[in-house]
Amino acid sequence: MTVRRRERRNVIAGSAGGCGGLLAALSLATVLTALTGCSGTGAAAEGDAGEAVRRAVDLLAESGTSRARTAMEMASGGTRITLRGRGGFDYRERTGELRVTLPDGKPVTEVFVPGRLYMKNRGAGVPPDKWVRIDVTALPDGNLVTGGATDPLAAAELLRGVVSADELGEARVRGETLRHFRGVTDIAEAAEAASGRAAEQLAAAVEGFAETEVPFDAYLDDQGLLREITHRFSFGERGIDVTSTVQLFDFGAPVEVVLPGADDVYAGTVA
């Protein structure tokens with residue numbers, strides 16, 4: 001897959017039956033539908049630090065499963081909004097589930113499968129026992145921020161596009177000693193390096209984000225496994241910054257992801 005960067009000034013929006021309908025249903029719709037930015041460039045990262053970060057993406061797939069915590073903070077002017085999630089992911093099957101808590105305390109269940117996102121308890125007019133199904137490759141940001149959580153798979157795949165990285169030494173994170181890396185990754189580079197639905201998802205983000213370069217902090221354990229990733233998305237013109245953090249722990253823990261049945265998926269329009 002070849003992805004070309006382009007200078008864009010896009011507003012994240014869509015048709016009523018797709019992204020626009022979903023975003024209109026989100027509590028943060030007035031923020032998310034205004035995200036825009038500026039163009040960027042990138043090249044392959046050099047050195048051991050970049051290689052260690054990229055290698056950690058493949059090691060995650062080999063690790064099997066883990067528990068996960070997510071936090072997404074959106075800041076615009078004096079307003080700051082935080083959404084938190086907790087769940088588990090199977091990296092071989094590329095599936096996972098998060099329970100995301102909105103700022104008003106409302107819980108939303110999200111199920112991730114390659115190329116799709118299922119959301120329950122999300123959307124005005126959707127029956128409480130029904131799920132909303134979204135094609136993430138149709139979302140202008142590839143669902144890096146729209147769902148209120150960057151899922152661990154997408155957060156890791158984004159690191160395939162590292163253009164610069166430095167190892168800052170050891171850091172104590174939640175009682176553990178981890179290796180701290182800081183650098184910049186590029187969404188377009190990551191889309192070219194990824195494969196399958198992950199590549200399609202990141203390619204969608206290239207089309208939606210005018211700024212393709214994303215600063216990150218990554219923390220690896222002594223086995224090279226990703227334990228924490230923070231990406232900082234900036235939408236300069238609108239003065240909106242999004243900081244997304246994923247924490248991974250309890251590797252090998254059993255994770256069962258149950259997909260909604262066809263009858264459980266809402267067929268109407270999300271209003």
Q: Please test Val163 against Glu189 for side chain to side chain contact (heavy atoms under 4.5 Å, CB included), starting from the C-alpha separation and ending with a verdict.
A: CA-CA 8 Å; Val163 296; Glu189 298 284 349; 4.2 Å; yes
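The backbone N or O of Pro107 sits less than 3.5 Å from a side-chain atom of Asn121, completing a donor-acceptor pair. Side-chain N or O atoms of Gln201 include one that pairs as donor or acceptor with a backbone N or O of Gly142 at under 3.5 Å. At distances below 3.5 Å, at least one donor-acceptor pair connects side-chain atoms of Arg92 with backbone N or O atoms of Glu62. Thr70 places a side-chain N or O within donor-acceptor distance of the main-chain N or O of Gly85, the cut-off being under 3.5 Å.
Taking OH of Tyr219 as the reference point, atom CD of Glu170 lies at 13.0 Å (rounded to 0.5 Å). Rounding to the nearest 0.5 angstrom, the gap separating the CG atom in Leu117 from the CD atom in Glu110 is 5.0 Å. Considering CD of Glu256 and OG1 of Thr95, their distance stands at 10.0 Å, rounded to 0.5 Å. Taking CG of Leu220 as the start and NE2 of His180 as the end, the distance is 10.0 Å to the nearest 0.5 Å. Expressed to the nearest 0.5 Å, how far CG of Asn143 lies from CZ of Arg116 amounts to 13.5 Å. Atom CG of Leu158 and atom CG of Leu153 lie 12.5 Å apart (nearest 0.5 Å).
Crowding of Arg99 atom CZ: a count of heavy atoms from other residues, nucleotides or ligands under 6.0 Å not exceeding 12. When the shell of 6.0 Å around CG of Asp129 is examined, it contains more than 12 heavy atoms from other residues, nucleotides or ligands. By the neighbour-count criterion of 12 heavy atoms within 6.0 Å, atom CZ of Arg133 is sparsely surrounded, having that number or fewer from other residues, nucleotides or ligands.
Side-chain contact between Gln247 and Arg174 is present, with at least one heavy-atom pair separated by less than 4.5 Å. Contact of the Tyr118 side chain with the Asp264 side chain is not registered, since no non-hydrogen atoms from C-beta on lie closer than 4.5 Å. Annotation: side chain of Phe233 is not in contact with side chain of Met74 (no heavy-atom distance under 4.5 Å). Residues Thr230 and Ser244 fail the side-chain proximity criterion, which asks for heavy atoms closer than 4.5 Å. For the pair His231/Leu159, a side-chain contact is recorded, criterion being any heavy-atom separation below 4.5 Å from C-beta on. In this structure, Glu228 and Leu178 have side chains that are not in contact, with every pair of non-hydrogen atoms separated by 4.5 Å or more.
Under a hydrophobic-cluster definition in which Ile, Leu, Val, Met, Phe, Trp and Tyr are linked whenever side-chain heavy atoms come within less than 4.5 Å, directly or via other members, Val111 and Val136 are assigned to different clusters. With hydrophobic clusters built from ILVMFWY side chains whose heavy atoms lie under 4.5 angstrom apart, Leu259 shares a cluster with Val265. Using a 4.5 Å cut-off between side-chain heavy atoms of Ile, Leu, Val, Met, Phe, Trp and Tyr, with links allowed through other members, Val257 and Met119 fall into different hydrophobic clusters. A single hydrophobic cluster is seen to contain both Ile229 and Leu225, as judged by linkage of ILVMFWY side chains at heavy-atom distances under 4.5 Å, directly or through other members. A chain of hydrophobic side-chain contacts below 4.5 Å, direct or via other Ile, Leu, Val, Met, Phe, Trp or Tyr residues, connects Leu59 to Phe216.
Minimum heavy-atom separation, Pro152 to Ala68: CG-CB, 4.0 Å. Here the closest non-hydrogen pair linking Val242 and Val145 is CG1-CG1, 3.9 Å. The shortest non-hydrogen separation linking Leu144 to Met72 is O-CE, 3.6 Å. Of all heavy-atom pairs between Ala56 and Gly224, the closest is CB-O, 3.3 Å. When all heavy atoms of Val100 and Ala149 are compared, the closest pair comes out as CG2-CB, 4.2 Å. Nearest approach of Asp90 to Val255, heavy atoms of both residues: N-CG1, 4.2 Å.
Asp166 has no carboxylate O lying under 4.0 Å from a charged side-chain N of Arg182, or vice versa, which leaves the two without a salt bridge.
When only modelled atom types and interatomic distance are considered, Asp186 and Thr212 share a side-chain donor-acceptor pair under 3.5 Å. Under the 3.5 Å distance criterion, with hydrogens and angles disregarded, a donor-acceptor pair is assigned to the side chains of Arg172 and Thr177.
Between Tyr91 and Phe89, the ring-plane angle classifies as parallel under the 30° and 60° cut-offs.
Considering Arg84, Arg232, Arg80 as possible partners of Glu73, the one that fulfils the side-chain hydrogen bond (donor to acceptor under 3.5 Å, both in side chains) test is Arg80. For the pairing with Arg160, the side-chain contact (heavy atoms from CB on, under 4.5 Å) check across Asp58, Leu202, Val53 returns one residue only, Asp58.
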